[in-house]
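Worksheet: one structure, shown below.
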Amino acid sequence: MKFLISFIYLIFFIQLVNGQSVLDELKRAKNMQENKPDSCIFISQRILTQLKDEQKEERAYVFWNLAQAYLYKHKYHTALLYAHKAKEQYIESDTSILYQNILATTGWIFYDIGNYKHAEPFHQKALEVAQRRNDLPSEVVYTNALGLNALSVKQFQKALGQFQKALFLLSRPDADYPYLLSTIQNNMGIIYIEYEDWNKAETFLLDAVKNSSGDPSSMLETYSLLARVYLNTRQFQKCRQYLDDAEELSYLTTYSFSLSEYYKVRYEYEYLRGNVNAAYRYQSKYVQLFQKINNDDIQEVMNYMMNMQEEKIRQDEQLIKQARQLAFNRQILIYIGIVLTLIISGVFFYVLKSRAERSRLRQKLLSQELEKNAEEKAELSSELAHKKEAIETLALTMSKRNELVQQLADSIGKATSKEVKDSWRKFESAFNEYSFSNILSDEYISDLKLRLQQKYPSLTQKEILLIIDIRNNLSSKELADKYHVEVKSIEMSRYRLRKKLNVEKGVQLRDFIMKL
């Protein structure tokens, strides 16, 4: 059960870390949209292969990153494809900021290809989402976008109205967004350039510089517009000053429309000042950039609006499906590896636990065996003490009996009758034989064996029997006859027995055994 719970927690942790890493990667890709669009595309495509069907928000985020990156690369057809795929992840009533950004991106794609009629409704929808979210900065951004749409089709009054509305929103006490104010002032300057009201244009553009956040793309456009104002008012020194400032900024941005504005003004300035070579160089840059912005992909976009390129979408989805299957298989292999690791760990733990149990059981049995042996030893010691006491009593009795027999023998020895003396010898022989056999009874032999095993544990059963035979006063020849061996073998056995009993030199083996 513990392993199962640990496994569930581990899977949950992996999913959590994986989800967090996906969001981090998407944010990293977002920061590369403008300056490193290829890197943004690579990261986003890789993430797309890892997403599951239910991860709609992450999928929309990926499609939006791809749309933005291809927009900055001026690949409008591909950008529009991904913008629509991102939009499909949401419903019209959604108020997500990501949905708002997707709508705005779609609008900017149409804006960049010059289709302002299609750009306006997407910017309008983005504005409505921002208003529903009560998002003031976004509301200002998309009001400005609507003004740019009107400006691009020469509806200057409509554009001016939108810009003034944006300025009104920024006039609120809680609206402290100087970078947005700079953008609106820049666009107001463009309106007054179109009206050829150079003073108002200069005022708004200088205010835009003052409130700018320092973004190279925005600053490059504002400096270029100021240079145009001074070029048209023949203030060439100021014009050259802002053009030089713009030149430094041109190396810090890749935003095509700001660069296009700068190259165009710089070409006009150099041409008026008679610098033909410089004018030609900037004209070439302007033409190359213009061709990049206005590429043949624009026609593909318009064709895409009539036909959604179902085959391309199907192929993309097939590739994504295959990549997702590979990612799924990889994840399954990881899970299988985790499960196998847990199983092996469990088996290893069980084996160690079983060994420990067996070791404890062996220890317990050994302890019980030692206790039993101790009890048996104590019992044997008690029995030995009892036997020793009985033997001592028997020895005392025999000693007294022998004394009586000796006294009787002395008395009969003084007798003169031959018959009495013959009868005594027969009695003495029988008595000695009886006494010897009585002493070496079964009980005595068992007791002797026990004492021999305790005192000399290295003795074999054959050696113990040899000791008893010697105790019975059997000679080597008699022992050889008894066991059907050579006398020499009996002598060798007696020699080995002396060694084991540690019998000192000069002491007879039989005498030593009799003392036992």
Side-chain angles (χ1 to χ4, degrees), residues 111-112 114 116-117 119-120 123 127 139-172 175 177-247 249-250 255-273 279 282 286 290:
Y111 178 88
D112 283 3
Y116 310 113
K117 181 179 179 181
E120 184 174 358
H123 285 149
L127 174 60
E139 191 175 347
V140 172
V141 169
Y142 302 124
T143 301
N144 175 67
L146 290 171
L148 289 174
N149 288 329
L151 175 61
S152 299
V153 294
K154 307 297 183 182
Q155 296 177 3
F156 300 127
Q157 281 300 119
K158 183 178 178 180
L160 189 60
Q162 293 290 354
F163 295 146
Q164 288 173 340
K165 183 179 178 181
L167 288 176
F168 175 75
L169 292 172
L170 290 171
S171 66
R172 295 180 187 178
Y177 304 102
Y179 69 97
L180 290 177
L181 182 60
S182 174
T183 300
I184 304 303
Q185 289 168 338
N186 180 84
N187 293 336
M188 291 285 288
I190 296 174
I191 289 288
Y192 286 113
I193 287 175
E194 294 293 339
Y195 283 148
E196 296 187 358
D197 189 339
W198 311 114
N199 290 330
K200 285 187 177 181
E202 180 185 15
T203 300
F204 277 107
L205 291 171
L206 288 174
D207 288 341
V209 172
K210 191 183 303 180
N211 293 311
S212 175
S213 63
D215 175 64
S217 301
S218 301
M219 291 291 291
L220 177 60
E221 182 179 4
T222 304
Y223 284 164
S224 300
L225 291 172
L226 276 169
R228 178 171 294 283
V229 170
Y230 294 131
L231 181 63
N232 282 280
T233 57
R234 297 297 188 268
Q235 301 180 56
F236 297 117
Q237 185 174 355
K238 287 184 178 182
C239 178
R240 180 57 184 260
Q241 177 185 342
Y242 279 103
L243 286 175
D244 288 344
D245 292 339
E247 176 73 18
L249 292 171
S250 67
Y255 187 58
S256 302
F257 292 96
S258 296
L259 289 169
S260 177
E261 180 67 27
Y262 166 65
Y263 293 149
K264 186 177 180 182
V265 177
R266 189 64 183 250
Y267 153 70
E268 293 176 0
Y269 169 79
E270 298 295 349
Y271 182 77
L272 284 175
R273 300 298 291 172
Y282 285 105
Y286 173 75
F290 181 82

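- The salt bridge (charged side-chain N to carboxylate O under 4.0 Å, His left out) analysis of residues 233-244, with sequence neighbours excluded, yields the pairs Arg240-Asp244, Asp244-Arg266.
- Ser213 meets the side chain to side chain donor-acceptor pair (under 3.5 Å) test with no other residue; sequence neighbours excluded.
- Summarising the geometry of Leu220 relative to Leu249, their closest heavy-atom pair is N-CD1, 3.8 Å, with the distance given to 0.1 Å.
- Here Asp215 pairs with Ser218 under the side chain to side chain donor-acceptor pair (under 3.5 Å) rule; sequence neighbours left out.
- Below 30°, between 30° and 60°, or above 60°: for Tyr267 and Tyr271 the angle between ring planes is between 30° and 60°, a tilted geometry.
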With a 3.5 Å cut-off and sequence neighbours excluded, list the donor-acceptor pairs that the side chains of residues 154-161 form with protein atoms.
{"unit_1": "Gln157", "atom_1": "OE1", "unit_2": "Tyr195", "atom_2": "OH", "d": "2.6"}
{"unit_1": "Lys158", "atom_1": "NZ", "unit_2": "Glu120", "atom_2": "OE2", "d": "3.2"}

Contacts table for residues 197-204: side-chain donor-acceptor under 3.5 angstrom, sequence neighbours left out:
{"unit_1": "Asp197", "atom_1": "OD1", "unit_2": "Lys200", "atom_2": "N", "d": "3.4"}
{"unit_1": "Glu202", "atom_1": "OE2", "unit_2": "Tyr230", "atom_2": "OH", "d": "2.6"}
{"unit_1": "Thr203", "atom_1": "OG1", "unit_2": "Asn199", "atom_2": "O", "d": "2.9"}

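- For the pair Ser260 (side chain) and Phe257 (backbone), a donor-acceptor distance under 3.5 Å is absent.
- What you find for Glu261 and Ser224 is that their closest heavy atoms are CG-CB, 3.8 Å.
- The two residues Tyr269 and Cys239 come nearest to each other via the heavy atoms CD1-SG, 3.6 Å.
- By the side chain to side chain donor-acceptor pair (under 3.5 Å) test, Tyr282 is found to be paired with Glu247, residues two or more places apart in sequence or in another chain being considered.
- Checked by atom type and distance alone, the side chain of Thr233 pairs as donor or acceptor with a backbone atom of Val229 at under 3.5 Å.
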